[in-house]
Amino acid sequence: MRKLLIAANWKMNMYRQEALELTRGIVEQTRFFTFVDIMIAPPFTALEIVKSEIQNTQIQLGAQDVFFEESGAYTGEISPGMLLDAGCAYVIIGHSERRQYFGETNEIINKKVSVALKNHLIPILCVGETWEERNQGRAFLVLNQQILFGLQGIDNEKLSSIVVAYEPVWAIGTGKSANKEQVQEVHAYLRDVIKEFTSSNEMAFNIRILYGGSMSPKNAQEILSLKDVDGGLIGGASLKIDSFSSLVQIAESVQKVKEQ
Ligand code: 13P
């Protein structure tokens, strides 16, 4: 049985003092929820302070990116080993903002997924089409390539721990999430692609596929209840104690229903 994961992507927000207060509030308001997994990905500068606040809770730490080399002369980059050393369990890879603003290609993303797995981090591989691609009827082709290239060369044993996040670019930060039919259709499709790629029904069934893109306490119940949705990757609504904690609470009640 897949367990819902509510993952916060703070993006380039939160000074350390703000990060401390936000984390403290989230810990306080979510400490009795045990049916869901929770992850917080702060900016690198706040990893340590968030880590110290989530000690002895069920909340796990994540990073928003990683470099694909393990050490060396790569000024400005952060290695997977460094993330592990900082206490990270997860790392977000291939977010559309990295593809769009930092030129990340499927090839780069594939290297990052591979090196993250090698270093015992759980990659959250992000995929998603632009509005233009959807309008041109190319959404599924784009998603197919993002998944297949992203996972190329990675064996089944390693793949079993990865998480995929479907984030339609047009829904990110726009207040306009994909509707439930669109979300379920894509998630079922991604699971099928993974099934074909791994030649394993079991693997495809067990991999968690999150939805991201304007998820909020208003639409979470509907989206999280969908058959192939296993959680959310949350941007804007993860920056406030109340909205993020509500999302965790909603996920908790949805998970209980799914387990019945
Ligand atoms: P929003 O929730 O702000 O739309 O962002 C989604 C996202 O990009 C999470 O990675």
Side-chain angles (χ1 to χ4, degrees), residues 4-14 18-19 22 26 36-44 46-47 50 59-66 83 88-102 104 109 112-113 116 121-131 133-134 139 142-143 146-147 150 162-180 182-183 186-187 190 208-224 226 229-251:
L4 290 175
L5 167 63
I6 297 298
N9 175 10
W10 288 355
K11 308 193 180 181
M12 200 173 69
N13 296 292
M14 296 289 147
E18 297 171 300
L22 176 55
I26 291 169
V36 281
D37 287 338
I38 306 170
M39 185 277 276
I40 297 176
F44 293 127
L47 281 172
V50 172
I59 302 176
Q60 289 187 292
L61 191 65
Q64 299 174 19
D65 186 29
V66 64
L83 295 181
C88 291
Y90 291 88
V91 57
I92 299 169
I93 295 178
H95 191 282
S96 67
E97 287 147 17
R98 300 224 46 98
R99 294 177 190 261
Q100 188 180 349
Y101 305 129
F102 303 98
E104 289 201 7
I109 289 160
K112 291 186 172 189
V113 171
L121 292 164
I122 302 172
I124 301 183
L125 169 63
C126 300
V127 298
E129 82 286 0
T130 62
W131 185 245
E133 287 161 347
R134 178 163 277 267
V142 168
L143 292 163
Q146 289 175 341
I147 284 283
I162 80 151
V163 175
V164 171
Y166 170 53
E167 298 206 308
V169 179
W170 46 273
I172 296 177
T174 59
K176 185 175 164 276
S177 80
N179 66 38
K180 64 179 202 279
Q182 290 167 327
V183 176
V186 170
H187 281 232
L190 293 175
R208 290 198 279 198
I209 307 178
L210 315 183
Y211 169 78
S214 299
M215 195 186 265
S216 72
K218 286 202 179 113
N219 57 26
Q221 166 96 32
E222 184 173 72
I223 294 174
L224 293 174
L226 296 168
V229 173
D230 308 307
L233 185 53
I234 321 294
S238 73
L239 299 174
K240 297 239 164 65
I241 297 169
D242 287 351
S243 49
F244 189 69
S245 304
S246 302
L247 285 167
V248 175
Q249 184 180 7
I250 293 164

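These numbers were taken from a predicted model, which means no experiment stands behind them. Each ligand, and each atom within it, is numbered from 1 in the order the structure gives.
- Judged purely by distance below 3.5 Å, without hydrogens or angles, the side chains of Tyr166 and Glu129 pair a donor atom with an acceptor atom.
- Short contacts between ligand 1 and Ser214, defined as distances under 4.0 Å to a heavy atom of the residue, involve ligand atoms 1 (P), 2 (O), 4 (O).
- At a 4.0 Å heavy-atom cut-off, ligand 1 touches Asn9 through the side chain alone.
- Among the atoms of Gly173, some N or O lies under 3.5 angstrom from an N or O of ligand 1.
- Between Ser177 and Ile223, some side-chain heavy-atom pair lies under the 4.5 Å cut-off.
- Which parts of ligand 1 touch Gly213 is read off a 4.0 Å heavy-atom cut-off, strictly below it: atoms 4 (O), 6 (C).
- Counted by atom type alone, Ser246 and Gln249 present zero donor-acceptor pairs between their side chains at under 3.5 Å.
- Taking the six-membered ring where tryptophan is involved, the planes of His187 and Tyr211 are tilted, since the angle between them lies from 30° to 60°.
- Taking all heavy atoms of Glu167, Lys176, Gln64 into account, the minimum distance to atom 7 (C) of ligand 1 is reached by Glu167.
- A donor atom on one side chain and an acceptor atom on the other are not found under 3.5 Å apart for Gln64 and His95.
- If you look at Ala237 next to ligand 1, there are no close heavy atoms at all, none under 4.0 Å.
- By the 3.5 Å distance cut-off applied to N or O atoms, Gly235 is counted among the residues near ligand 1.
- Side-chain atoms of Glu222 never come within 3.5 Å of backbone atoms of Asn219 as a donor-acceptor pair (strictly under, hydrogens ignored).
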